[in-house]
K.L.:
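This is the structure, below, for whatever I ask next.
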There are 2 protein chains.
Amino acid sequence: MDDLTALLREKGLRSTPHRRAVLHALADRPHSTAVEVAEVVARAGAAAGPSAVSELSRQGLYNVLEDLRRVGLVRSIEPAGSATRFELQHGDNHHHLVCRVCGRVRDVPCAVGSAPCLEPAHQEGFEIDEAELVFWGRCAECAAR
Amino acid sequence: MDDLTALLREKGLRSTPHRRAVLHALADRPHSTAVEVAEVVARAGAAAGPSAVSELSRQGLYNVLEDLRRVGLVRSIEPAGSATRFELQHGDNHHHLVCRVCGRVRDVPCAVGSAPCLEPAHQEGFEIDEAELVFWGRCAECAAR
DNA sequence: CATCACGATTTGACTGTGTCAAAAGTAGGG
DNA sequence: CCCTACTTTTGACACAGTCAAATCGTGATG
């Protein structure tokens with residue numbers, strides 16, 4: 001029983017090849033869209049030989065991603081103009097930089113402590129439980145051109 | 001030549017019934033989706049009599065919204081899980097509260113000055129030009145239930 | 001006031017992204 | 001080893017938005 005199997009069982013999920021493959025894919029390529037996760041999984045499967053996971057259905061992929069998100073192993077973000085992107089959920093509270101040109105997403109640590117932007121904690125009865133912060137601009141490569 | 005006509009011409013856009021109707025609709029109902037804008041425009045047209053703007057094509061609606069956005073009269077936001085929402089662009093720098101239950105969006109003034117969250121101005125060459133902040137939680141009505 | 005060029009709008013097909021429901025397959029406790 | 005509940009597949013479908021080409025209308029000009 002390897003690490004990922006233990007992790008999944010801890011969270012009350014069965015350890016299946018697809019779930020392990022998706023976790024591997026997200027470790028390898030954070031901020032992937034569902035389609036990109038499928039591609040990474042397919043490539044990894046092909047590289048590992050014909051007996052490995054080579055493809056998973058679209059519905060299966062969304063099921064896996066939703067299951068992993070629900071138990072807190074995966075986090076999803078939806079930058080404007082992009083499909084939903086997924087990343088492994090570590091304990092940290094970080095935000096995202098999105099390049100307007102190439103669309104790439106980078107993590108940026110939360111500068112002001114652990115829950116920085118949660119200041120307006122109660123706005124006229126509104127109960128805030130999360131502050132989502134996205135920085136827009138140009139990445140170094142795209143700015144150079 | 002009324003106010004809206006003057007406003008549109010200032011921005012280099014022709015003044016058309018559809019564009020004026022969309023601006024009216026967004027003044028009346030901020031944070032509307034494209035479908036909701038179409039509904040408000042249709043209702044306003046019906047109320048004003050058969051000679052008024054009663055409907056505009058889907059493509060026409062998206063064209064109008066994009067044109068208005070491009071010249072800075074309209075701003076769009078895309079909360080996760082929702083279609084794109086539109087609001088009139090005033091000079092202020094405000095953020096949004098989104099209710100997880102009913103999906104309604106409310107404005108919240110930027111608490112920390114004029115460009116508060118733009119702190120990590122240069123992250124390893126990344127040029128930030130905008131910080132987008134969304135607060136998630138429950139609105140007063142949904143929290144009461 | 002009439003004309004007309006270019007910007008605005010409609011039309012209809014199409015794409016990407018994600019969801020629903022039901023059938024089939026498989027992990028893992030007993 | 002077997003059974004049951006959890007996973008996955010299959011195929012149809014829905015929604016939000018886009019593309020391209022034809023038509024229409026605003027408003028500048030004569």
Side-chain angles (χ1 to χ4, degrees), chain A residues 1-2 4-23 25 31-39 41-42 45 51-71 73-74 76-86 103, chain B residues 1-2 4-23 25 31-39 41-42 45 51-71 73-74 76-86 103:
Chain A
M1 180 148 93
D2 63 16
L4 290 183
T5 295
L7 192 59
L8 287 164
R9 305 282 295 269
E10 263 174 37
K11 300 290 184 176
L13 294 178
R14 288 184 181 171
S15 175
T16 69
H18 286 342
R19 286 175 178 165
R20 293 191 299 271
V22 167
L23 289 173
H31 312 131
S32 293
T33 62
V35 170
E36 289 164 355
V37 171
E39 288 168 357
V41 168
S51 67
V53 175
S54 59
E55 52 184 39
L56 65 172
S57 66
R58 176 176 16 182
Q59 185 63 55
L61 173 60
Y62 283 109
N63 285 349
V64 167
L65 288 168
E66 169 57 20
D67 292 342
L68 296 176
R69 196 201 55 74
R70 206 183 51 252
V71 301
L73 291 177
V74 159
S76 65
I77 60 173
E78 302 185 32
S82 153
T84 304
R85 292 176 177 276
F86 301 88
Chain B
M1 180 148 97
D2 64 16
L4 290 183
T5 295
L7 193 58
L8 287 163
R9 305 281 294 271
E10 261 174 38
K11 299 291 185 179
L13 294 179
R14 290 184 181 172
S15 174
T16 70
H18 286 342
R19 286 175 178 166
R20 293 191 299 270
V22 167
L23 288 173
H31 312 132
S32 293
T33 62
V35 171
E36 289 163 356
V37 171
E39 288 168 357
V41 168
S51 69
V53 176
S54 59
E55 50 183 39
L56 66 173
S57 66
R58 175 175 15 183
Q59 184 63 57
L61 174 59
Y62 282 109
N63 285 349
V64 167
L65 288 168
E66 168 58 18
D67 292 342
L68 295 176
R69 195 200 56 73
R70 206 184 51 252
V71 302
L73 291 176
V74 159
S76 65
I77 60 172
E78 301 185 32
S82 155
T84 304
R85 292 176 178 275
F86 300 88

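Each chain gets a letter, A, B and so on, in the order the sequences are listed, and its residues count up from 1. Just so you know, these numbers come straight off a predicted model, no measurement behind them. The basis for the numbers below is simple: all heavy atoms, side chains too, and nothing from hydrogens, waters or symmetry mates.
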K.L.:
For A:Glu36 and C:dG18, give me the distance from atom CD to atom P, rounded to whole Å.
P.N.:
11 Å

K.L.:
Any N/O pairs under 3.5 Å between the protein and nucleotides 7-9 of chain C? List them or say none.
P.N.:
from: C:dG7; atom 1: O4'; to: B:Arg14; atom 2: NH2; distance (Å): 3.3
from: C:dA8; atom 1: OP1; to: B:Arg19; atom 2: NH1; distance (Å): 2.7
from: C:dA8; atom 1: OP1; to: B:Arg19; atom 2: NH2; distance (Å): 3.0
from: C:dA8; atom 1: O5'; to: B:Arg19; atom 2: NH2; distance (Å): 3.3
from: C:dT9; atom 1: OP1; to: B:Thr16; atom 2: OG1; distance (Å): 2.7

K.L.:
Quick one: B:Leu61 CG to C:dT10 P, roughly how many Å, whole number?
P.N.:
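Rounded to the whole Å, the gap is 10 Å.
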
K.L.:
Of the non-hydrogen atoms in B:Leu4 and B:Arg20, which two are nearest, and what is the gap between them?
P.N.:
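Minimum heavy-atom contact is CD1-O, 3.8 Å.
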
K.L.:
Determine the sole option in B:Leu73, B:Thr16, B:Val37 for which the side-chain contact (heavy atoms from CB on, under 4.5 Å) test with B:Val22 is passed.
P.N.:
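Passing option: B:Val37.
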
K.L.:
CD of A:Glu66 versus P of C:dT17: gap in Å, rounded?
P.N.:
19 Å

K.L.:
Check the distance between C:dT17's C1' and B:Glu78's CD and give it to me in whole angstrom.
P.N.:
13 Å

K.L.:
For the residue pair A:Ala34 and A:Tyr62, what are the closest heavy atoms and their distance?
P.N.:
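Minimum heavy-atom contact is CB-OH, 3.6 Å.
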
K.L.:
What are the two closest non-hydrogen atoms of A:Glu36 and A:Arg85, and how far apart are they?
P.N.:
OE1-NH1, 3.6 Å

K.L.:
Which heavy-atom pair separates B:Arg19 from B:Arg14 by the least distance, and what is that distance?
P.N.:
NH1-O, 3.0 Å

K.L.:
State, to 0.1 Å, how close B:Ala21 and B:Val41 come at their nearest heavy-atom pair, and which atoms those are.
P.N.:
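The pair with the smallest heavy-atom distance is O-CG2, 3.8 Å.
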
K.L.:
For the atom pair CG (A:Leu68) and CG (A:Leu8), what is the distance rounded to the nearest 0.5 Å?
P.N.:
6.5 Å

K.L.:
What are the two closest non-hydrogen atoms of B:Val74 and B:Phe86, and how far apart are they?
P.N.:
CG1-CD2, 4.0 Å

K.L.:
Report yes if at least one side-chain N or O of A:Arg58 is closer than 4.0 Å to OP1 or OP2 of C:dC20; otherwise report no.
P.N.:
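For A:Arg58, the contact criterion (side-chain N or O under 4.0 Å from OP1 or OP2 of C:dC20) is not met.
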
K.L.:
Rounded to the Å, how far apart are A:Glu39 CD and C:dT17 P?
P.N.:
11 Å

K.L.:
Atom CZ of A:Arg9 to atom C1' of D:dC6: distance rounded to whole Å?
P.N.:
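Rounding to the nearest Å, CZ of A:Arg9 and C1' of D:dC6 are 13 Å apart.
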
K.L.:
To the nearest 10°, let me know how far the axis at one end of the helix from C:dC1-D:dG30 to C:dG30-D:dC1 is tilted from the axis at the other, five pairs an end.
P.N.:
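The angle, to the nearest 10 degrees, is 20°.
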
K.L.:
Please answer whether the main-chain N or O of A:Gly81 pairs with a side-chain N or O of B:Glu78 as donor and acceptor at a distance below 3.5 Å.
P.N.:
yes

K.L.:
Ignoring the backbone of B:Ser15, work out which of D:dG27, D:dT18, C:dG18 is nearest its side chain.
P.N.:
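Closest nucleotide among those given: D:dG27.
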
K.L.:
Which nucleotide sits closest to the side chain of B:Gln59: C:dG12, C:dG18, D:dA16?
P.N.:
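Among C:dG12, C:dG18, D:dA16, the one nearest the side chain of B:Gln59 is C:dG12.
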
K.L.:
Describe the nucleic acid contact of B:Thr84 in one word from base, sugar-phosphate, nothing, applying a heavy-atom distance below 4.0 Å.
P.N.:
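The answer is sugar-phosphate, as B:Thr84 gets under 4.0 Å only of primed atoms, P, OP1 or OP2.
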
K.L.:
Whole Å only: how far is the CZ atom of B:Arg20 from the C1' atom of D:dG25?
P.N.:
12 Å

K.L.:
Without decimals, in angstroms, what is the distance between B:Phe86 CZ and D:dA16 P?
P.N.:
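So the CZ-P distance, B:Phe86 to D:dA16, works out to 12 Å.
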
